[in-house]
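To start, the structure under review is shown below, and the notes come after it.
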Amino acid sequence: MTVRTRFAPSPTGLLHVGGARTALFNWIYAKKHGGTFVLRIEDTDHSRNTEQAKQVILDGLHWLGLDWDEGPQKGGNHGPYYQSERGAIYEEYLSRLEKGGHLYEDNGAIRFRSPREKVFVDDEICGKIEFDLTNPGTHPDLTLRRPDGSWIFHFVSVVDDIEMKISHVIRGEDHLSNTPKHIELYRALGAEPPRFAHMPLILNRDGSKMSKRDEGAALGTYPEAGYVPEAVRNYLCLLGWSPKENREIISTEEVVALFELGNINRRNAAFDLDKCFWINGQYLLSMDLARYAELAVPFLEKAGITWPTWNALEKVLSIVKPKVKLLKDLPEWVGYFFNEEFSFDEAAVAKSLTGPLAVERLSALRDAYSALAIWDLASLESALKETAAKIGVKTGELVHPARVAASGRGIGPGLYEMLEILGKQRTLARFEKGIIKALGTSA
RNA sequence: GACCCUAUCGUCCAGUGGCCUAGGACACUCCCCUUUCACGGGAGUAACACGGGUUCGAAUCCCGUUAGGGUCGCCA
């Protein structure tokens with residue numbers, strides 16, 4: 001069988017992570033079976049159907065790396081791929097139902113007369129489920145078209161899936177209960193229903209339904225925060241599915257190889273941004289420096305940071321890279337390398353750069369460092385340790401004032417790496433300023 | 001309310017009748033890396049919703065209860 005999957009979002013103004021995950025699994029399934037992944041925009045609701053809202057979806061999928069084989073911007077033999085442009089096709093299918101005697105009018109709307117039978121949904125994820133549709137009271141007839149001529153989701157979705165030869169409908173479990181009615185439509189149209197796979201939904205940490213306002217709900221916030229697409233893909237795959245063997249970090253290629261619809265967990269999953277954050281850090285950590293720097297640039301530029309040479313930038317990024325988990329935090333981590341007017345974190349100053357002790361220690365270190373002939377990691381470290389021993393303090397008690405004086409903050413890359421890059425002149429000047437700062441606070 | 005789905009650490013997953021005194025990851029706590037840190041290493045806290053069965057044996061199968069989610073739209 002030729003596998004054709006689809007993602008069929010409606011343009012609501014954002015791409016929800018739940019939708020992104022649905023798209024991802026459809027994409028993976030198509031890839032795994034050498035099939036086709038179709039993107040179709042369900043924009044039958046004209047009131048909220050804006051160009052911008054459509055763009056959000058396309059942008060989100062592009063960013064996640066989920067390229068579609070057929071759809072907007074791409075074309076294909078089963079278009080158009082916007083439902084708003086498919087009216088003629090719907091008319092034709094509607095008249096087919098009409099001829100078959102399946103329709104009736106109700107207050108100007110057109111409804112589908114259910115055969116009133118028991119319908120089995122044989123779901124790839126949920127298994128075989130029986131629905132008893134014999135009672136019209138509990139399972140009312142589907143409306144297909146409104147009095148104003150606009151189309152209802154259930155009908156156009158089925159028509160499009162037939163027309164676009166979709167073989168596997170992989171979608172959220174919120175559609176499960178309507179699926180038997182869709183199957184009735186397929187039958188009335190003389191079409192073979194596709195395979196269905198209903199995925200559990202994504203919930204908030206507390207188990208409540210995830211709404212668009214919740215943190216992490218909109219995919220658009222991920223690139224802004226400095227998540228990388230492969231990390232988000234990795235996280236999303238782990239939500240309801242697992243490669244077994246207790247693996248957490250797994251490439252999309254491997255997921256494609258290992259993926260099975262039947263292995264998708266049936267429970268709803270709570271969305272845990274903490275873990276996504278951690279995974280992002282893992283990807284950032286192992287990323288090669290060239291790409292890392294490339295990704296970093298927009299975040300640095302946005303913060304108004306400039307650098308003398310690309311080489312200098314890469315050098316700074318390389319020592320900071322293992323510790324930063326979100327690209328958007330980068331300016332905070334590297335700004336002071338490129339600007340003498342960097343700000344000071346007051347809490348860090350209060351802790352390590354205040355009072356006569358700080359003055360004494362920093363002065364001692366300044367003296368030792370100004371006497372250094374060679375400015376490298378090893379000499380920086382040994383000079384600091386010797387100084388610490390000489391004045392009888394622990395190394396940490398020199399490290400902290402030095403760090404705050406040199407960078408303005410209490411956390412950062414390794415101190416010696418930092419000072420090496422800063423260079424002797426700038427380091428000593430910053431120590432000098434730090435001493436004055438500490439003197440000022442000691443009064 | 002009716003119908004459908006689900007039920008393992010706080011969270012995500014592993015576990016498909018004996019290997020489970022339940023494993024991994026995130027988070028949290030502590031220790032180490034005699035330098036911080038959201039790097040790294042180690043340790044720890046912490047769960048089979050409840051009640052009945054079936055079975056020599058159940059987290060795993062069955063029934064019920066409870067809880068959560070979904071659907072029942074002229075929203076998608």
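Within every chain, numbering begins at 1; the chains are lettered A, B, ... in the order of the sequence lines, protein sequences first and strands thereafter.
In this view, A:Tyr29 and A:His33, A:His168 satisfy the ring pair (Phe, Tyr, Trp, His ring centres under 6.0 Å) rule, not counting sequence neighbours. Scanning for ring pair (Phe, Tyr, Trp, His ring centres under 6.0 Å) contacts around A:Trp241 gives A:Phe259, with sequence neighbours left out. The salt bridge (Lys or Arg N to Asp or Glu O under 4.0 Å) test applied to A:Arg426 returns A:Glu340, not counting sequence neighbours. A:Asn234 meets the side chain to side chain donor-acceptor pair (under 3.5 Å) test with A:Tyr283; sequence neighbours excluded. Not counting sequence neighbours, A:Arg21 has no partner by the salt bridge (Lys or Arg N to Asp or Glu O under 4.0 Å) test.
Both distances falling under 3.5 Å, in either a Watson-Crick or a G-U wobble arrangement, place B:A67 opposite B:U6. Across every strand in view, B:C72 sits in a pair with B:G1 that passes the Watson-Crick or G-U test at under 3.5 angstrom. Pair assignment for B:G40: B:C32, on the basis of Watson-Crick or G-U wobble contacts that are both within less than 3.5 Å. A 3.5 Å limit on both hydrogen-bonding distances identifies B:U11 as the Watson-Crick or G-U partner of B:A25.
Straight-line distance between the P atoms of B:C63 and B:A38: roughly 50 Å, to the nearest whole Å. A gap of 13 Å separates the P atoms of B:G23 and B:C48, to the nearest Å. Separating the C1' atom of B:U55 from that of B:C61 is a span of 10 Å, rounded to the nearest Å. Rounded to whole Å, the P atom of B:A59 lies 23 Å from the corresponding atom of B:U65. Of the C1' atoms belonging to B:U71 and B:C12, the separation is 26 Å, rounded to the nearest Å. Comparing the P positions of B:U45 and B:C56 gives an interatomic distance of 36 Å, to the nearest angstrom. The same atom, C1', is picked in B:U21 and in B:A47; the two are 14 Å apart, to the nearest Å. Between B:C31 and B:G69, the distance separating the two C1' atoms is 42 Å to the nearest Å.
Side-chain N/O atoms of A:Arg267 include one lying less than 4.0 angstrom from OP1 or OP2 on B:U8. Phosphate proximity of B:U16 to A:Arg266: absent, as no side-chain N or O sits under 4.0 Å from OP1 or OP2. In this model, the phosphate group of B:A14 is approached by a side-chain N or O of A:Asn265 to a distance below 4.0 Å at OP1 or OP2. Contact between the side-chain N/O atoms of A:Thr12 and the OP1/OP2 oxygens of B:A76 is not found at any separation under 4.0 Å. Checking the phosphate oxygens (OP1, OP2) of B:C72, a side-chain nitrogen or oxygen of A:Asn178 falls inside 4.0 Å. For A:Arg171, no side-chain nitrogen or oxygen approaches OP1 or OP2 of B:A76 to under 4.0 Å. Look at A:Ser242 and you won't find any side-chain N or O under 4.0 angstrom from OP1 or OP2 of B:C13.
Taking atom CG on A:Leu176 and atom P on B:U71, their separation rounds to 11 Å, with Å as the unit. Distance A:Phe271 CZ to B:C13 P: 12 Å, rounded to the nearest Å. Atom C1' of nucleotide B:C39 and atom CG of A:Leu317 are separated by 16 Å, given to the nearest angstrom. We find that OH of A:Tyr283 is positioned 18 Å from C1' of B:C39, with the value rounded to whole Å. In this structure, A:Asp174 atom CG and B:C4 atom C1' are separated by 13 Å, rounded to whole Å. The distance between atom CG of A:Leu201 and atom C1' of B:U71, rounded to the nearest whole Å, is 11 Å.
Residue A:His175 is classed as a base contact, given a heavy-atom separation below 4.0 Å to a base. Across all strands shown, A:Pro413 has heavy atoms under 4.0 Å from base atoms, whether or not it also approaches the sugar-phosphate. Contact annotation for A:Asp148: no contact, since no heavy-atom pair falls under 4.0 Å across all strands. The residue A:Arg111 sits close only to the backbone: its heavy atoms come under 4.0 Å of sugar-phosphate atoms, none of a base. Base engagement by A:Asp106 is indicated by at least one non-hydrogen atom pair under 4.0 Å involving a base atom. As judged by a 4.0 angstrom heavy-atom cut-off over every strand, A:Gly240 is placed among residues touching the sugar-phosphate backbone only. Among the atoms of the strands shown, none is found under 4.0 Å from any heavy atom of A:Gly281.
Listed nucleotides B:C13, B:C39, B:A38 differ in distance to A:Asp329; the shortest reach to its side chain belongs to B:A38. With B:A76, B:A38, B:C5 as the choices, the nucleotide that has an atom nearest any side-chain atom of A:Ile152 turns out to be B:A76. Between B:C12, B:C39, B:G73, one nucleotide has an atom nearer to the side chain of A:Leu239 than all others, and that is B:C12. Of the candidate nucleotides B:G69, B:G73, B:A76, B:A76 has the atom nearest to the side chain of A:Ser10. Checking B:G69, B:A76, B:A38 against the side-chain heavy atoms of A:Trp333 singles out B:A38 as nearest.
Taking CG from A:Leu189 and CZ from A:Arg187, the interatomic distance works out to 12.5 Å, rounded to the nearest 0.5 Å.
A:Phe196 and A:His198 have parallel rings, their planes meeting at less than 30° on a 0 to 90° scale where 60° marks the start of perpendicular. Using the six-membered ring where Trp is involved, A:Phe153 and A:His182 have ring planes that are perpendicular, over 60° apart on the 30 and 60° scheme. A tilted orientation is assigned to the rings of A:Tyr227 and A:Tyr222, their planes being inclined by 30° to 60°.
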- Show the numbers, then the answer: is there a side-chain hydrogen bond (donor to acceptor under 3.5 Å, both in side chains) between A:Arg171 and A:Thr179? CA-CA 11 Å; A:Arg171 60 187 2 172; A:Thr179 301; 3.2 Å; yes

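For A:Thr395 and A:Phe131, each mapped to the nucleotide of RNA chain B holding its nearest heavy atom, the one lying further toward the 5' end belongs to A:Phe131. Map A:Leu326 and A:Lys128 each onto its nearest nucleotide of RNA chain B; the residue landing nearer the 5' end is A:Lys128.
Two residues are said to be in side-chain contact when any heavy atoms from C-beta on lie closer than 4.5 Å; A:Lys424 and A:Tyr369 fail this criterion.
One N or O donor and one acceptor, one from the side chain of A:Ser177 and one from the base of B:G70, sit under 3.5 Å apart.
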- Query: Reading nucleotides 20-29 of chain B 5' to 3', which nucleotides get B (base under 4.0 Å from a protein heavy atom), which S (sugar-phosphate only), which -?
  - Reply: ---BBBBS--

